[in-house]
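Every heavy atom of this structure was used, including side-chain atoms; hydrogens, water molecules and symmetry mates were not. Both ligands and their constituent atoms are indexed starting at 1 by order of listing.
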Amino acid sequence: MDWQLLGGELTRVSEVAQVRATPVMGGDINRAFRVEIGNQTCFVKTNRAQLLSMFEAERAGLEAISASNTIRVPEVYLTGCQGDEAYIVMEYIELGGRASPERLAQALAAMHHCCHKRFGFDCDNTIGSTPQRNTYSDDWVEFWRLQRLEFQLRLAQRNGFDAGLIDAGRRLCEVLDDFFVDYRPRASLLHGDLWGGNQSADAAGNPVIYDPACYYGDHEADLAMMELFGNPGERFFAAYRERFPIDPGYRWRRDLYNLYHVLNHANLFGGGYGAQARRMIERLLQR
Ligand code: ADP
């Protein structure tokens with residue numbers, strides 16, 4: 001298959017999608033389709049043309065994970081723009097169920113052993129539909145403070161959340177070092193958005209992850225996200241620990257890492273997430 005030709009074929013992605021594609025449900029952000037092109041089955045996501053960079057960043061993340069040779073991700077064939085639509089075209093993987101906790105743990109631990117010299121990533125990306133900054137830094141605590149928590153707190157302020165939440169969040173940012181007294185994380189390759197909806201298994205039972213928001217950071221951030229909207233279970237953690245020890249301070253930092261995602265949910269969806277973020281901050285401050 002000549003993927004440049006496919007680019008030509010995808011002129012008017014929406015029309016192609018309506019006529020020759022089956023919508024795929026389950027995503028939050030984009031329209032997604034299973035598209036038959038010749039004898040090739042592809043997975044195509046589309047969105048507004050202005051969001052092309054989001055797909056390019058997704059591609060960079062999937063390619064970084066693929067290059068780590070540790071866990072299966074879809075191969076990306078093409079990103080581009082036609083008319084008013086941006087698209088990403090990738091391998092369609094027949095997904096079903098879950099990989100065994102042991103296989104998932106083994107693959108993720110191996111991925112987390114792929115490290116960079118610094119924290120960050122080659123490009124910014126998005127978390128949900130919120131921009132996520134990944135400017136490289138030598139200092140993980142500074143990275144988490146500036147590019148994760150303070151970024152979301154500024155958004156929350158702009159979105160009109162009450163001053164109590166913002167003030168408490170800023171106070172927490174001032175004492176972040178306290179959570180890292182005896183702990184120096186490595187800059188592990190992270191999926192970055194590893195909730196249950198972004199992981200599955202292929203027909204052979206191999207774990208598959210997709211829709212990443214990659215950066216190099218503390219491996220605990222991926223583990224925490226898995227616990228926020230799911231429960232990987234003790235079998236997963238036991239197998240993971242055998243390959244990548246988890247520091248005892250994780251039980252505190254877990255909330256620190258998940259606070260970022262809860263703040264992001266507050267900014268995206270409102271509802272009870274603001275109150276949840278406030279409770280998390282108060283708990284962390286009382287530690
Ligand atoms: P969004 O960017 O909108 O969140 P996702 O990338 O999460 O969309 O994809 C939506 C759903 O499509 C996923 O929950 C998953 O079930 C399925 N999916 C994702 N990638 C593939 C793929 N490469 N092949 C087949 N199905 C996929």
Side-chain angles (χ1 to χ4, degrees), residues 1 3 6 10 13-14 16-18 20-68 70-81 85-99 104 107-108 111 121 123-132 190-215 222 225-226 228-230 232 260-261 264-265 267-269:
M1 171 61 69
W3 296 107
L6 171 62
L10 284 179
V13 177
S14 54
V16 173
Q18 278 159 24
R20 298 167 51 195
T22 319
V24 176
M25 301 306 160
D28 307 321
I29 311 295
N30 305 291
R31 294 191 304 146
F33 306 94
R34 178 187 203 268
V35 183
E36 312 276 351
I37 300 166
N39 58 1
Q40 195 86 28
T41 307
C42 304
F43 181 72
V44 179
K45 295 201 285 189
T46 71
N47 210 316
R48 288 176 293 120
Q50 297 94 304
L51 296 176
L52 174 61
S53 61
M54 177 182 72
F55 287 144
E56 288 172 340
E58 179 172 350
R59 177 182 199 155
L62 287 169
E63 288 179 348
I65 297 175
S66 171
S68 76
T70 53
I71 186 164
R72 186 167 183 195
V73 288
E75 182 186 349
V76 180
Y77 301 132
L78 199 68
T79 47
C81 232
E85 280 179 292
Y87 56 82
I88 181 167
V89 182
M90 64 184 85
E91 172 188 14
Y92 184 89
I93 301 177
E94 211 62 65
L95 299 171
R98 291 254 171 260
L104 180 62
L108 281 180
M111 184 180 88
F121 198 56
C123 58
D124 293 341
N125 44 26
T126 48
I127 185 76
S129 54
T130 309
Q132 175 168 271
L190 304 185
H191 176 284
D193 192 10
L194 204 49
W195 68 290
N198 284 343
Q199 49 168 297
S200 184
D202 65 15
N206 299 304
V208 182
I209 56 177
Y210 38 85
D211 202 17
C214 283
Y215 59 102
D222 261 359
M225 178 59 159
M226 292 177 77
L228 179 61
F229 297 119
Y260 171 62
H261 295 290
N264 188 41
H265 274 63
N267 281 315
L268 288 172
F269 310 119

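Closest to atom 4 (O) of ligand 1 among all protein heavy atoms lies Asp211 OD2, 2.9 Å. Ranking the protein heavy atoms by distance from atom 13 (C) of ligand 1 puts Tyr210 CE1, 3.7 Å first. Closest to atom 3 (O) of ligand 1 among all protein heavy atoms lies Asn30 N, 2.9 Å. Annotation: atom 24 (N) of ligand 1 to nearest protein heavy atom, Ile93 N, 2.9 Å.
Aromatic ring pairs are classed by plane angle as parallel below 30°, tilted from 30° to 60° and perpendicular above 60°; the pair Phe229 and Trp195 is perpendicular.
With ligand atoms numbered from 1 in the order given, ligand 1 contributes 7 (O) to contacts under 4.0 Å with heavy atoms of Asn198. Within ligand 1, the atoms closer than 4.0 Å to a non-hydrogen atom of Leu95 are 15 (C), 18 (N), 26 (N), 27 (C), numbered from 1 in the order shown. Atoms of ligand 1 found under 4.0 Å from any heavy atom of Lys45 (numbered from 1 in listed order, with element): 1 (P), 2 (O), 5 (P), 6 (O), 8 (O). Every atom of ligand 1 with a heavy atom of Gly197 under 4.0 Å away is listed here by number and element: 14 (O). The Pro74 neighbourhood of ligand 1 comprises atoms 23 (N), with distances under 4.0 Å to a heavy atom of that residue. Close approach of ligand 1 to Met25 (heavy-atom distance below 4.0 Å) involves ligand atoms 11 (C). Annotation for ligand 1: atoms under 4.0 Å from non-hydrogen atoms of Val24 are 12 (O), 17 (C). The ligand atoms of ligand 1 that sit less than 4.0 angstrom from a heavy atom of Glu91 are 22 (C), 23 (N), 24 (N).
When all heavy atoms of Leu108 and Ile71 are compared, the closest pair comes out as CD2-CD1, 4.0 Å. Nearest heavy-atom pair, Ile93 versus Val73, reported as atom, atom and distance to 0.1 Å: CD1-C, 4.2 Å. Nearest heavy-atom pair across Ser129 and Ile29 is N-CD1, 3.8 Å. The shortest non-hydrogen separation linking His261 to Leu228 is CB-CD2, 3.7 Å. Here the closest heavy-atom approach between residue Pro212 and residue Gly61 is recorded as CG-C, 4.2 Å.
Taking a 4.0 Å cut-off on heavy atoms, Arg31 fails to register as neighbouring ligand 1.
At a threshold of 4.5 Å between non-hydrogen side-chain atoms, the residues Val35 and Tyr92 do not count as touching.
A side-chain donor-acceptor contact under 3.5 Å links Glu36 and Thr41.
Counting heavy atoms closer than 4.0 Å to ligand 1, residue Phe43 contributes side-chain atoms (C-beta onward) but none from N, CA, C or O.
Checked against a 3.5 angstrom limit, the closest N/O atoms of Ile29 and ligand 1 fall inside it. Polar contact with ligand 1: absent for Ala32 (N/O pair, distance under 3.5 Å).
With values rounded to the nearest 0.5 angstrom, Gln132 atom CD is found 5.0 Å from Ile127 atom CD1.
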* Would Arg34 and Glu94 count as a side chain to side chain contact (heavy atoms under 4.5 Å, CB included) if you check the C-alpha gap in whole Å, the side-chain angles of each, and the deciding distance to 0.1 Å? -> CA-CA 10 Å; Arg34 178 187 203 268; Glu94 211 62 65; 3.6 Å; yes
